[in-house]
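First the structure, in the form of structure tokens, and then the observations on it.
Lettering follows sequence order; numbering is per chain, from 1. Computed over heavy atoms, backbone and side chain alike; hydrogens, waters and symmetry mates excluded.
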Amino acid sequence: GESVGLHLPTLSVQEGDNSIINCAYSNSASDYFIWYKQESGKGPQFIIDIRSNMDKRQGQRVTVLLNKTVKHLSLQIAATQPGDSAVYFCAENNYGQNFVFGPGTRLSVLP
Amino acid sequence: DSGVTQTPKHLITATGQRVTLRCSPRSGDLSVYWYQQSLDQGLQFLIQYYNGEERAKGNILERFSAQQFPDLHSELNLSSLELGDSALYFCASSPRDWLMNEQFFGPGTRLTVL
């Protein structure tokens, strides 16, 4: 069945450095992807999305890259801050039928 | 604060019982989504309603059901509860229908089945 996975379950970065969180997806028919951030004790929070007809999308301090050839998605966070510490989920959507989430990557920002 | 409210915040019950979780979407949002988050299964989409109608179904068990009422609030009903149903249940809402849509999540209901 469909599945979304992450290469790195945990990631530690120094404050001020850039973070890159990776995600592999298995369904080549997926046409929409989202990154969510979940802080401890809270619900997921939308960060950025990208459609399959795009390769890159930028937000405030975040960039999502989509490589359909190898079915890979990444989230780049510039100048990582302590407030960025959280679990990050990627999710894929297949023509609006279902959302499949990855297991999550925990990002720890070191002082 | 996303504007999505969920009640109760915590719920403890026994196996075999039935519970109802409630969600009020953000003002103006027509879509409501339900998710289950457990340690072993991660975050899973359960079901979506848009303006009272079911729009998409994910990994929702037959023992679970949901509905969206005319005032747009939604309820998730979980019956014949099992230990494995212990999880965080999130509701999310969005202004439009499913595809390519930012969703706003509530704080969740933590269900513990003993």
Could you tell me if the side chain of B:Phe105 sits less than 4.5 Å from the side chain of A:Tyr36, heavy atoms only?
yes
Would you say A:Leu75 ends up clustered with A:Leu66 if hydrophobic residues are merged whenever their side chains have heavy atoms under 4.5 Å apart, either directly or through other cluster members?
yes
Looking only at heavy atoms, which two atoms of B:Gln37 and A:Phe89 are closest? And how far apart?
NE2-CZ, 3.4 Å
So, taking the atom named CD in B:Glu102 and the one named CD in A:Gln45, what distance separates them when rounded to the nearest 0.5 Å?
8.5 Å
Would you sort out whether A:Phe99 and B:Gln44 count as a side chain to side chain contact (heavy atoms under 4.5 Å, CB included), showing the intermediate values?
CA-CA 8 Å; A:Phe99 263 114; B:Gln44 291 194 89; over 6 Å; no
Any link between A:Met54 and A:Ile47 through a network of hydrophobic side chains (Ile, Leu, Val, Met, Phe, Trp, Tyr) touching at under 4.5 Å?
yes
With sequence neighbours excluded, what pairs up with B:Arg18 under the salt bridge (charged side-chain N to carboxylate O under 4.0 Å, His left out) test?
none
So how far is it from B:Phe90 CZ to A:Lys42 NZ, rounded to the nearest 0.5 Å?
12.0 Å
Would you please indicate yes or no on a ring centroid separation below 6.0 angstrom for B:Tyr35 and A:Phe101?
yes
Shared hydrophobic cluster for A:Val64 and A:Val62 (ILVMFWY, side-chain gaps under 4.5 Å)
yes
Can you list everything that forms a salt bridge (charged side-chain N to carboxylate O under 4.0 Å, His left out) with B:Arg110? Sequence neighbours excluded, please.
none
Under a 4.5 Å heavy-atom cut-off, does chain A meet the side chain of B:Gln6, its backbone, both or neither?
neither
Within one Ile-Leu-Val-Met-Phe-Trp-Tyr cluster: B:Phe69 and B:Ile47, side-chain cutoff 4.5 Å:
no
